[in-house]
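Input: a single structure, listed below in structure tokens.
Counting convention: from 1, in listed order, for ligands and their atoms alike.
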Amino acid sequence: MAIPSNSTKTLKLNNGLSIPAVGLGTWQSTDEEAYNAVIAALKAGYRHIDTAYCYGNEEPVGRAIKDSGVPRKDIFITTKLWGTDHTRAEEGLDKSLKLLGLDYVDLFLMHWPVPMNPNGNHDKFPTLPDGKRDILLDWNFVDTYREMQKLVASGKTKAIGVSNFSITNLKKLLADSQITIKPVVNQVETHGYLPQHKLLEYAKENDIVLEAYSPLGSTGAPLLKDELVQELAKKNGISESTLLISWSVWRGIVVLPKSVTPSRIADNLKIIELSDEDGKKLNELASIRGEKRLVSPPWDPIVVFNDED
Ligand code: NDP
């Protein structure tokens, strides 16, 4: 029997702030979709919205936050620094704040550990003449993070973190003597087919919260069609999406389901307290089906965005 748990469940970050365990994802949402989705989410009880400069929808997201009537201080808002802004992190955050119409965000993430040419042939995806991504080779993600640290004191963000970081890259970052503010989160692709058990263990050991992007398998939510997911959802009397989102929360992960459909947005917040038995079964899903990345490439800065490698 499913026990409805508190949909306003939060996790503690290593800087003392709390983060709502479920947040609305906004990637691949048009302006109109993003606006309506954020309004629907805040009405349904969400208090956590995940956006990014790269998604191109910070303006409607910010407008919806204002129009919702929910006090700003009650909403946890995350945005992300794009690769072409790695050498100018403060300008990157200023651009996002302006688009969002906000004075501060709660969390500012380095979107990828890959600095790209700020003066290249494209604002977001610059390429070299041979078609490969125009990656900066004389700047690295530790340099970027050092710049991001200054933004906490400026008050423009309450916390900083990373995204798409492997254990190797987290180790590199944490080993740097000038890193004085630990990332509060690492936002990564993780779902039933890519459980990231080792990365989760490392994050927990280092007091970094893992955030799950693409928790339903991204576009078209393919995980909802998995037989084991369907069987466990039926057993618990809940939808497949509720099961998967509840599993992430059971693992101690922040989870960011995206939907532009109001009924799904509301459903995705109705998490339950999953039993250890069912949680452990879902932990094994990838070993039964085979591990699959559905969205992102592996996170080595040299190979990411360098399409041919
Ligand atoms: P999700 O795993 O959240 O899946 C989104 C898809 O699932 C959409 O097609 C949506 O359809 C569908 N869906 C959502 N809820 C339901 C439901 N209850 N029943 C049936 N279908 C459903 O994918 P995302 O890749 O969008 O990941 C979530 C968020 O994570 C992103 O939006 C973004 O905020 C973040 N992210 C971060 C990345 C990073 O590099 N840091 C990379 C990728 C994502 P519909 O919308 O039509 O309802």
Report task. If the plane angle is over 60° it's perpendicular, under 30° parallel, otherwise tilted; pick one for His111 and Trp82. Result ->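 Taking Trp82 first and then His111, their aromatic rings stand perpendicular (interplane angle over 60°).
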Query raised in the report: Should the pair Tyr193 and His191 be assigned to parallel (<30°), tilted (30 to 60°) or perpendicular (>60°) ring geometry?
Result: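 Aromatic pair Tyr193/His191 classed perpendicular.
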Under 4.5 Å between any side-chain heavy atoms of [X] and [Y], yes or no?
X: Asp276; Y: Trp250; result: yes
X: Leu282; Y: Leu274; result: yes
X: Glu211; Y: Leu107; result: yes
X: Tyr213; Y: Lys258; result: no

For [atom], grab the closest protein heavy atom and report residue, atom and distance to one decimal in Å.
atom: atom 34 (O) of ligand 1; answer: Asp50 OD2, 2.7 Å
atom: atom 47 (O) of ligand 1; answer: Arg264 NH1, 3.5 Å
atom: atom 7 (O) of ligand 1; answer: Ala221 CB, 3.4 Å
atom: atom 3 (O) of ligand 1; answer: Lys258 N, 2.8 Å
atom: atom 9 (O) of ligand 1; answer: Gly220 N, 3.0 Å
atom: atom 40 (O) of ligand 1; answer: Asn164 ND2, 3.0 Å
atom: atom 38 (C) of ligand 1; answer: Tyr213 CD2, 3.2 Å
atom: atom 29 (C) of ligand 1; answer: Leu256 O, 3.2 Å

Is there a nitrogen or oxygen of [X] sitting under 3.5 Å from a nitrogen or oxygen of ligand 1?
X: Val260; answer: yes
X: Lys80; answer: no
X: Leu24; answer: no
X: Leu216; answer: yes
X: Asp267; answer: no

Enumerate the atoms of ligand 1 whose separation from the nearest heavy atom of [X] is less than 4.0 angstrom.
X: Thr261; value: 45 (P), 47 (O), 48 (O)
X: Gly217; value: 2 (O)
X: His111; value: 39 (C), 40 (O), 41 (N)
X: Gln187; value: 35 (C), 36 (N), 37 (C), 38 (C), 39 (C), 41 (N)
X: Tyr55; value: 33 (C), 34 (O), 35 (C), 36 (N), 37 (C), 38 (C)
X: Pro257; value: 3 (O)

Ligand 1 versus [X]: contacting region, heavy-atom distance under 4.0 Å:
X: Leu224; value: side chain
X: Ser163; value: side chain
X: Asn268; value: side chain
X: Thr51; value: neither
X: Ser218; value: both

Does the side chain of [X] pick up a donor-acceptor pair with the side chain of [Y] at under 3.5 Å?
X: Tyr35; Y: Asp67; value: yes
X: Trp247; Y: Asn283; value: yes
X: Ser29; Y: Asn57; value: no
X: Thr84; Y: Asp123; value: no
X: Ser214; Y: Glu189; value: no

**Report entry** Cation-pi geometry met for Lys124 and Tyr53 (6.0 Å, 45°)
**Finding:** yes
**Report entry** Asp106 and its side-chain hydrogen bond (donor to acceptor under 3.5 Å, both in side chains) partner, picked from Arg72, Lys73, His48
**Finding:** Arg72
Query raised in the report: Does Lys281 pair with Glu284 as a salt bridge, N-O distance under 4.0 Å?
Result: no
Query raised in the report: Charged N to carboxylate O under 4.0 angstrom, Glu90 versus Lys156?
Result: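 Counted as a salt bridge, because a side-chain N and a carboxylate O are separated by less than 4.0 Å.
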Report task. Assess Gln28 for proximity to ligand 1: is some non-hydrogen atom of it under 4.0 Å away? Result ->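 Contact absent.
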